[in-house]
Amino acid sequence: VTSRLFTFVGGETGPWRVESARAVLGAPLSFVTHLDVVPGAVRIPPPEAAWLLRGVTSNERYVTRREKEVLAARQPATGRPEAVCAALILLRKSAAWWSLTQDERRSIFEERSRHIQIGLEALPAVARRLHHCRDLGDAEPFDFLTWFEFAPTDAGIFDALTEQLRASEEWTFVDRETEIRLVRDRVVG
Ligand code: HEM
């Protein structure tokens, strides 16, 4: 699992400086000034770290072949030099969501909420990486850690995207959400 694991370390160090942090729904995280995004596990956290969140990238659950191809043709990679803005959005979905079947979830996710169609409008401005937490155990505070990178001039595209998604039926199943906005202080890696 290690190669798909990422650890987000909130504290006082790291290349990403926190511009704002907001609990959209549910309990907030403790406030930090910086974030480090570490590929793999962090065995010994920095002493000043306030929190560590872990997630794994995974196989896709919902995309159709056609959607997968359209996404692949349009989506940029993370780490673009001009994409110095980032957002870490932490989400948990309710027990009601997890009790649905796969086809019921797909229907809410795309046929009724148009998550992929809305998301495509933000490409190629916004790069993204989705991390899953549920399969790491029962102690994880969120189900998903979602990571986005974009240039400062594209911040409006990102804001419009989150506004539309939050108004969707899919989001009625979100029961905890925190958004952290960041700026890269120095080149990563
Ligand atoms: C940049 C534009 C975006 C695109 C193109 C996009 C696309 C996608 C796609 C294709 C999936 C399904 C992956 C699968 O098949 O398993 C997905 C899942 C997901 N996305 Fe997005 N997305 C975007 C923006 C966002 C934003 C802004 C958020 C958070 C506010 C978000 C949160 C999620 C979550 C939590 C999932 C997992 C849903 C679940 O498995 O229940 N996405 N996204």
Side-chain angles (χ1 to χ4, degrees), residues 4 6 8 19-26 28-29 35 37 53-80 82-83 85-136 140-182:
R4 293 192 283 110
F6 287 84
F8 294 82
E19 270 209 318
S20 66
R22 166 167 93 97
V24 180
L25 185 66
L29 278 178
L35 177 81
V37 185
L53 296 168
R54 304 176 313 140
V56 285
T57 58
S58 188
N59 56 286
E60 285 151 341
R61 269 76 164 161
Y62 300 112
V63 286
T64 62
R65 170 60 52 189
R66 176 82 193 119
E67 288 160 353
K68 190 181 170 84
E69 283 164 5
V70 175
L71 285 160
R74 261 200 247 176
Q75 59 197 3
T78 54
R80 291 170 297 169
E82 71 277 17
C85 295
L88 175 64
I89 300 184
L90 311 163
L91 289 153
R92 191 178 67 195
K93 283 182 172 174
S94 64
W97 172 263
W98 294 110
S99 70
L100 297 172
T101 61
Q102 184 66 22
D103 58 318
E104 289 169 330
R105 285 197 292 261
R106 157 74 201 190
S107 162
I108 294 165
F109 175 83
E110 187 57 24
E111 276 68 41
R112 304 204 322 244
S113 301
R114 301 180 64 254
H115 186 125
I116 298 169
Q117 287 313 307
I118 291 167
L120 279 170
E121 290 165 23
L123 305 190
V126 179
R128 71 188 173 99
R129 194 167 67 227
L130 173 64
H131 313 78
H132 295 255
C133 315
R134 274 170 72 83
D135 293 341
L136 295 172
E140 302 305 319
F142 296 96
D143 294 334
F144 305 99
L145 317 177
T146 64
W147 175 256
F148 306 93
E149 293 174 5
F150 44 90
T153 46
D154 290 328
I157 293 178
F158 186 76
D159 290 332
L161 167 70
T162 52
E163 194 182 320
Q164 282 190 79
L165 288 174
R166 286 182 181 132
S168 71
E169 183 181 348
E170 183 193 355
W171 248 252
T172 64
F173 293 92
V174 170
D175 69 7
R176 186 176 179 193
E177 177 171 5
T178 287
E179 174 170 337
I180 301 172
R181 297 287 281 261
L182 308 122

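In listed order, ligands and their atoms are each counted from 1.
The side chain of Phe144, and not its backbone, has at least one atom closer than 4.0 Å to an atom of ligand 1 (non-hydrogen atoms only; side chain from C-beta on). With a heavy-atom cut-off of 4.0 Å, Leu165 touches ligand 1 through its side chain alone. When heavy-atom distances to ligand 1 are checked against a 4.0 Å cut-off, Trp171 comes that close only through its side chain, counted from C-beta outward. With a 4.0 Å cut-off on non-hydrogen atoms, Leu161 touches ligand 1 through its side chain and not its backbone. Contacts between Val63 and ligand 1, counted as non-hydrogen atom pairs separated by less than 4.0 Å, involve both the backbone and the side chain. Here Lys93 has side-chain heavy atoms under 4.0 Å from ligand 1, and that is the only part of it that gets that close.
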| For Gln164 and Asp159, what are the C-alpha separation, side-chain angles and deciding distance, and is it a side-chain contact (heavy atoms from CB on, under 4.5 Å)? | CA-CA 9 Å; Gln164 282 190 79; Asp159 290 332; over 6 Å; no

| task | Could you please spell out the steps behind the salt bridge (Lys or Arg N to Asp or Glu O under 4.0 Å) verdict for Arg92 and Glu177? | result | CA-CA 7 Å; Arg92 191 178 67 195; Glu177 177 171 5; over 6 Å; no

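Residue His115 holds the heavy atom nearest to atom 42 (N) of ligand 1 of all those in Glu177, Glu170, His115. When the heavy-atom distances from atom 17 (C) of ligand 1 to Phe109, Trp98, Trp97 are ranked, the shortest goes to Phe109.
When only non-hydrogen protein atoms are considered, atom 35 (C) of ligand 1 lies nearest to Leu91 CD1, 3.5 Å. Residue, atom and distance of the protein heavy atom nearest to atom 9 (C) of ligand 1 are Arg128 NH1, 3.7 Å. Protein heavy atom in closest approach to atom 40 (O) of ligand 1: Tyr62 CE1, 3.2 Å. Protein heavy atom in closest approach to atom 14 (C) of ligand 1: Arg61 N, 3.1 Å. Residue, atom and distance of the protein heavy atom nearest to atom 2 (C) of ligand 1 are Gly119 O, 3.3 Å. The protein non-hydrogen atom at the shortest distance from atom 36 (C) of ligand 1 is Leu130 CD1, 3.8 Å. For atom 26 (C) of ligand 1, the closest non-hydrogen atom on the protein side is Phe148 CZ, 3.2 Å.
A cation-pi contact links Arg129 to Phe6, judged by a cut-off of 6.0 Å to the six-membered ring centre and 45° from its axis. Cation-pi geometry between Arg134 and Trp98 is met: under 6.0 angstrom from the ring centre, within 45 degrees of the axis.
In this model, no donor atom of one side chain and acceptor atom of the other lie less than 3.5 Å apart for Glu104 and Ser107. Side chain to side chain, Glu169 and Trp171 fail the donor-acceptor criterion of an N or O pair below 3.5 Å. Residues Arg61 and Gln102 have side chains that never bring a donor and an acceptor to within less than 3.5 angstrom of each other.
Electrostatic pairing of Arg80 and Glu149 does not count as a salt bridge here, judged by no charged N lying under 4.0 Å from a carboxylate O. A salt bridge does not link Arg65 with Glu67: none of the charged nitrogens is closer than 4.0 Å to a carboxylate oxygen.
For ligand 1 and Ile116, the ligand atoms under 4.0 Å from any heavy atom of the residue are 10 (C). With ligand atoms numbered from 1 in the order given, ligand 1 contributes 5 (C), 10 (C) to contacts under 4.0 Å with heavy atoms of Leu71. When each atom of ligand 1 is checked for a heavy atom of Thr146 under 4.0 Å away, the hits are 29 (C), 32 (C), 35 (C).
Ring geometry for Phe144 versus His132: interplanar angle over 60°, hence perpendicular rather than tilted (30 to 60°).
Ring centroids of Tyr62 and His115 are separated by 6.0 Å or more, keeping the two rings apart.
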